[in-house]
Visitor: 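I'd like to ask some things about the structure below.
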Amino acid sequence: MRNNPTIDLNFTINSGQVFLWNKIEDRWFGVNGDELLVITEPFQIYSSSKSARLFFRQDDNLNKILSDISRDSLVGATVKQFPGLRVIRQDPFQCYISFICSSNSSIQNIKNMLIRLCQKFGNKVEFENQQFSTFPSAERLANATTRDLLSCGLGFRAKYVRDAVKAVNSGKIEFESLRKTDYKSALETLKTVRGIGNKIADCILLFSLDKLESFPIDRWTQRILQKYYPNIFDIMHGKSLTEKKHNSLHEKIVEHFGPYAGYSQQFLFKMERDLNKKNWL
DNA sequence: TCATCACCTGGAGA
DNA sequence: ATCTCCAGGTGAT
C-alpha cells in the first residue's frame with residue numbers, strides 16, 4: 001500500500017466492474033476466481049487463498065494517476081465526488097467469462113447467470129460455517145455442455161462461452177502473456193474469440209490485464225462522450241460505431257484523457273449511472 | 001465498408 | 001395478470 005490507502009468499497013463494488021459481490025451485515029463477500037474475498041470495515045481483506053494479486057491495484061501510484069486524469073476538469077470533479085473509487089484487478093478468466101455473459105443483458109441477469117455457473121461448476125469453500133461457491137476454472141468448464149450452460153440461463157451466450165473456454169484450454173488465449181503484451185495486440189487477440197468485440201475486450205483488458213489505457217465504449221460511455229464532450233469526440237456521424245470509428249475514437253480518447261484513460265472511464269461511468277439512478281448489485 | 005437486425009432470458013414498467 | 005420492452009453487444013446479412 002504505497003499511498004492513499006482509502007478504498008471505498010461501496011463505490012468500487014458498485015461501479016460495474018464485478019458481479020459476484022454482496023454486502024452481508026457489515027462485511028463485503030466476493031468471488032474472485034477460485035478465491036473468496038471477505039472485506040471488513042475498517043478496511044481489512046481476507047482471502048481464502050494465498051495467491052491473491054492486489055485486487056484493488058494497491059500497487060498503483062494513485063496520487064500520480066488521479067492527478068494525471070484530473071487534467072480533464074469533469075474527471076477531476078468526479079474524482080472528488082467518488083473518493084476511494086478504484087479500478088479492480090480481478091481474476092482474468094472470471095472477468096473474461098463474466099463480460100462475455102454481459103452482452104445485451106442487464107446487471108441483474110448477468111449476476112444470475114454467473115451465480116448459477118458458480119453453483120453448478122465452482123468449488124465450495126466454507127467461511128464461518130457458511131458455504132460459498134467460487135468461480136469455475138477453464139478446466140472445470142471444459143466439461144460443461146451447451147445444455148448445462150443454457151440451464152444457467154446464458155441463452156445465446158452459451159455457445160460463446162463454450163468457444164471461449166476452448167480457446168483457453170487449447171492455449172489460444174493465454175492471459176499471462178496477454179498481460180505482458182501491448183494493449184493493441186492483446187485487444188486483437190481477445191477479439192478473435194466469438195462473442196468478444198471491442199467493448200468486452202476492453203473490459204477484460206482494463207479490469208483484469210493491467211491495460212489502463214483501455215476505455216470500454218458502451219451505450220453509457222457513448223452517451224457520456226456525446227453529452228459532455230460533443231466537440232471533442234464527434235463520433236456519431238452515422239448510427240453505429242464501426243471498427244474504423246472505434247479505432248480513431250480510442251486514439252482521441254487516449255490523446256485527451258491520457259495513459260490512464262481507463263481510470264477516467266471508471267469515474268465518469270460511475271457518475272453517469274448514479275445520475276440516472278441505475279441499480280447495481 | 002457500413003447500417004440493420006436477430007438473439008436467450010428475466011426483470012421492470014405499462 | 002399479461003404484455004411489451006429492453007438491458008453495460010456481437011455476428012451475420
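Below, all heavy atoms of this structure are taken into account, side chains as well, without hydrogens, waters or symmetry copies. So you know, we letter chains A, B, ... as the sequences are listed, proteins then strands, and number each from 1.
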Visitor: Tell me which residues in residues 154-170 of chain A lie within less than 4.0 Å of DNA chain C, going by non-hydrogen atoms.
Guide: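 Within residues 154-170 of chain A, the residues near DNA chain C are A:Phe156, A:Tyr160.
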Visitor: Go through the structure and list residues passing side chain to side chain contact (heavy atoms under 4.5 Å, CB included) with A:Gln131, not counting sequence neighbours.
Guide: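 Scan of A:Gln131 (side chain to side chain contact (heavy atoms under 4.5 Å, CB included), adjacent residues dropped) gives A:Lys124, A:Glu126.
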Visitor: Could you state the interatomic distance from CZ (A:Phe19) to SG (A:Cys101), rounded to the nearest 0.5 Å?
Guide: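 Spacing of CZ (A:Phe19) from SG (A:Cys101) equals 9.0 Å.
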Visitor: Tell me, do A:Met113 and A:Val161 make a side-chain contact under 4.5 Å, heavy atoms counted?
Guide: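 No, too far: nothing below the 4.5 Å cut-off.
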Visitor: Report the distance from atom CD1 of A:Ile204 to atom C1' of C:dT10, rounded to the nearest whole Å.
Guide: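 It is 13 Å, rounded to the nearest whole Å.
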Visitor: Expressed as a whole number of Å, how far does the P atom of C:dG11 sit from that of B:dG10?
Guide: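 Going atom to atom, P in each nucleotide, I get 23 Å.
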Visitor: If you round to the nearest 0.5 Å, how far is CG of A:Leu187 from NZ of A:Lys211?
Guide: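 Between A:Lys211 NZ and A:Leu187 CG, I get 10.5 Å after rounding to 0.5 Å.
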Visitor: Would you tell me if any nitrogen or oxygen in the side chain of A:Ser240 comes within less than 4.0 Å of OP1 or OP2 on B:dA3?
Guide: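 Yes.
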Visitor: Quick one: do A:Tyr183 and A:Asp202 satisfy side chain to side chain contact (heavy atoms under 4.5 Å, CB included)? Show the steps, please.
Guide: CA-CA 9 Å; A:Tyr183 167 74; A:Asp202 269 324; 2.7 Å; yes
Visitor: How many whole angstroms separate atom CG of A:Asp218 from atom C1' of C:dC6?
Guide: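 Taking CG of A:Asp218 and C1' of C:dC6, I get 15 Å after rounding.
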Visitor: Determine the interplanar angle of the A:Tyr229 and A:His256 rings, folded into 0 to 90°, and report it as parallel if under 30°, tilted if 30 to 60°, perpendicular if over 60°.
Guide: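 Correct class here is perpendicular.
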Visitor: If pairs are Watson-Crick or G-U with both distances under 3.5 Å, what is the dot-bracket string of DNA chain C, marking crossing pairs with [ ] and pairs to another strand with |?
Guide: .||||||.|||||
Visitor: Determine the Euclidean distance between corresponding P atoms of C:dC5 and B:dC5; express it in Å to zero decimal places.
Guide: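 Taking atom P in both B:dC5 and C:dC5, they lie 15 Å apart.
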Visitor: Have A:Thr145 and A:Asp148 got a donor and an acceptor in their side chains that come within less than 3.5 Å?
Guide: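 Indeed, the side chains of A:Thr145 and A:Asp148 share at least one donor-acceptor pair under 3.5 Å.
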Visitor: Parallel, tilted or perpendicular: which describes the rings of A:Phe43 and A:Phe56, with under 30° parallel and over 60° perpendicular?
Guide: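 Geometry flag for A:Phe56 against A:Phe43: perpendicular rings.
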Visitor: Please report, rounded to the nearest Å, how far the P atom of B:dT1 is from the CG atom of A:Asn247.
Guide: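 Roughly 12 Å, once rounded to whole Å.
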Visitor: Please check if any side-chain donor atom of A:Tyr263 sits under 3.5 Å from a side-chain acceptor atom of A:Asp68, or the reverse.
Guide: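 No, A:Asp68 and A:Tyr263 have no side-chain donor paired with an acceptor closer than 3.5 Å.
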Visitor: Which heavy-atom pair separates A:Arg57 from A:Arg86 by the least distance, and what is that distance?
Guide: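 Nearest heavy atoms, A:Arg57 then A:Arg86: O-NH1, 4.4 Å.
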Visitor: Determine all donor-acceptor pairs shorter than 3.5 Å in which one atom belongs to a side chain in residues 190-198 of chain A; sequence neighbours excluded.
Guide:
residue	atom	partner	partner atom	Å
A:Lys191	NZ	A:Asn198	OD1	2.8
A:Lys191	NZ	A:Glu243	OE1	3.4
A:Lys191	NZ	A:Glu243	OE2	2.8
A:Thr192	OG1	A:Thr189	O	2.6
A:Arg194	NE	A:Asp163	OD2	3.2
A:Asn198	ND2	A:Glu243	OE1	3.1

Visitor: Can you tell me how far P in C:dT13 sits from the matching atom in B:dC8, rounded to whole Å?
Guide: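 Going atom to atom, P in each nucleotide, I get 14 Å.
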Visitor: Which of residues 104-120 of chain A sit near DNA chain B, with a heavy atom under 4.0 Å from it?
Guide: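 Residues of residues 104-120 of chain A that come under 4.0 Å of DNA chain B are, in numerical order, A:Asn104, A:Gln108, A:Asn109, A:Asn112.
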Visitor: Restricting to side chain to side chain contact (heavy atoms under 4.5 Å, CB included), what partner residues turn up for A:Ser248, sequence neighbours left out?
Guide: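 For A:Ser248 there are no side chain to side chain contact (heavy atoms under 4.5 Å, CB included) partners, ignoring immediate neighbours.
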Visitor: Scan residues 103-117 of chain A for pairs that pass salt bridge (Lys or Arg N to Asp or Glu O under 4.0 Å), counting only residues two or more places apart or in two chains.
Guide: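 Sorted result for residues 103-117 of chain A: empty, none.
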Visitor: Rounded to whole angstroms, how far apart are NE2 on A:His246 and C1' on B:dA3?
Guide: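 The distance from NE2 of A:His246 to C1' of B:dA3 comes to 18 Å, rounded to the nearest Å.
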Visitor: Which part of the nucleic acid, if any, lies within reach of A:Gln265 when heavy atoms closer than 4.0 Å are counted: base, sugar-phosphate only, or nothing?
Guide: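 Contact class for A:Gln265: none.
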Visitor: Rounded off to whole Å, could you give me the CD-to-P distance for the A:Gln222 and C:dT10 pair?
Guide: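 Checked: the CD to P distance equals 11 Å.
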Visitor: Please list residues of residues 194-203 of chain A whose heavy atoms come under 4.0 Å from any atom in DNA chain B, ordered by number; otherwise none.
Guide: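 Within residues 194-203 of chain A, no residue comes under 4.0 Å of DNA chain B.
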Visitor: Mind listing the residues from residues 143-151 of chain A sitting with a heavy atom below 4.0 Å of DNA chain B? Number order is fine.
Guide: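 Close to the strand, none.
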Visitor: Only counting residues at least two apart or in another chain, list the ones meeting side chain to side chain contact (heavy atoms under 4.5 Å, CB included) with A:Ala138.
Guide: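 Partners of A:Ala138 by the side chain to side chain contact (heavy atoms under 4.5 Å, CB included) criterion, ordered by chain and then number, come out as A:Phe93, A:Val168, A:Asn169.
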Visitor: Closer to the 5' end of DNA chain C via nearest nucleotide, is it A:Val193 or A:Phe269?
Guide: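 Its nearest nucleotide lies further toward 5', so the answer is A:Phe269.
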Visitor: Which pairs pass salt bridge (Lys or Arg N to Asp or Glu O under 4.0 Å) with one or both residues in residues 271-281 of chain A, sequence neighbours excluded?
Guide: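 Applying salt bridge (Lys or Arg N to Asp or Glu O under 4.0 Å) to every pair that reaches into residues 271-281 of chain A, excluding sequence neighbours, yields A:Lys227-A:Glu272, A:Lys270-A:Asp274.
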Visitor: Name all residues meeting the side chain to side chain contact (heavy atoms under 4.5 Å, CB included) criterion together with A:Arg162; count only those two or more places apart in sequence or in a different chain, and write none if there are none.
Guide: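 A:Arg162 satisfies side chain to side chain contact (heavy atoms under 4.5 Å, CB included) with A:Thr146, A:Leu149, A:Lys166 only.
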